[in-house]
Amino acid sequence: MTTADLPPAVWTAARVLLVCMFPFSALDKVLHWNAALKQASSSFLPTFLPKSVPALMLVAAMGVEAVTPVCIVGGWWPREAAALLTAFCIATAVLFHPFWKSPDFWARGDSVARNHFWDFTKNLGL
């Protein structure tokens, strides 16, 4: 049996399982707007940018997380949606989980760097 022989329901289930976390992440941003805005403001943004930039980034992120999974599962421009979601995951990994900047990666016990490392690899793995 090859992957081409798998029933369509298997492919649909695989797509759903691969992207199901993203709509919940968008909803979490809506429900916890202030915390999400704080995280969006805490990263790489230069101080000279308008204060509205993190909020615009957050709205764009919520749009990507809400729309691309529907496109992927529904079969509407699935490759384009997957490419956009891939770019989103890479960007969030690099911009919001810079584990290499924390000096405590090899420290014993809890480590900010290791927590970022696992979030970084999760985003790249998706």
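Everything numeric in this text was worked out from a predicted model, so none of it was measured. Residues: numbered from 1 along the sequence shown.
Minimum interatomic distance between V112 and D104 (heavy atoms only, all atoms of both residues): N-OD2, 2.9 Å. In terms of heavy atoms, K29 sits closest to A61 at CE-CB, 4.4 Å. Of all non-hydrogen atoms in S25 and E65, the two that sit nearest each other are OG-OE2, 2.9 Å. Across every non-hydrogen atom of C71 and A81, the tightest pair is CB-CB, 3.6 Å.
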Could you pull out all donor-acceptor pairs under 3.5 Å where a side-chain atom in residues 117-126 meets a protein atom, sequence neighbours excluded?
from : atom 1 : to   : atom 2 : distance (Å)
T121 : OG1    : F117 : O      : 3.2
T121 : OG1    : W118 : O      : 3.0
N123 : ND2    : T92  : OG1    : 2.9

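Atom-to-atom distance recorded for T86:OG1 and R79:CZ is 12.5 Å, nearest 0.5 angstrom. Between the OG atom of S52 and the CG atom of L58 there is a distance of 12.5 Å, given to the nearest 0.5 Å. The NE2 atom of H116 lies 10.0 Å from the NZ atom of K101; values are rounded to the nearest 0.5 Å. Summarising the geometry, atom OG1 belonging to T68 is positioned 12.5 Å from atom CD belonging to E80; distances are rounded to the nearest 0.5 Å. Interatomic distance, T12 OG1 to L6 CG, rounded to the nearest 0.5 Å: 11.5 Å.
Using a 4.5 Å heavy-atom threshold, the side chains of V19 and R15 count as separate. The shortest side-chain heavy-atom distance between L18 and I72 does not fall under the 4.5 Å cut-off. Between P98 and V94, every side-chain heavy-atom pair lies at or beyond the 4.5 Å cut-off. A heavy-atom distance below 4.5 Å is found between the side chains of W33 and M62.
By the rule that hydrophobic residues join a cluster once side-chain heavy atoms approach within less than 4.5 Å of another member, V30 and F88 end up as members of separate clusters. Neither F96 nor F24 shares a network with the other; the hydrophobic side chains, linked directly or stepwise wherever heavy atoms of I, L, V, M, F, W or Y lie under 4.5 Å apart, form separate groups for each. Residues I90 and F99 share a hydrophobic cluster, clusters being chains of Ile/Leu/Val/Met/Phe/Trp/Tyr side chains in contact below 4.5 Å. When the side chains of ILVMFWY residues are joined at heavy-atom separations under 4.5 Å, either directly or via intervening members, L56 and L95 end up in two distinct hydrophobic clusters.
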Quiz prompt | Pair L85-F22, side-chain contact (heavy atoms from CB on, under 4.5 Å): steps then yes or no | solution = CA-CA 9 Å; L85 195 55; F22 293 102; 3.8 Å; yes
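V70 belongs to a hydrophobic cluster whose other members, connected by ILVMFWY side-chain contacts under 4.5 Å either directly or through intermediates, are W76, W77.
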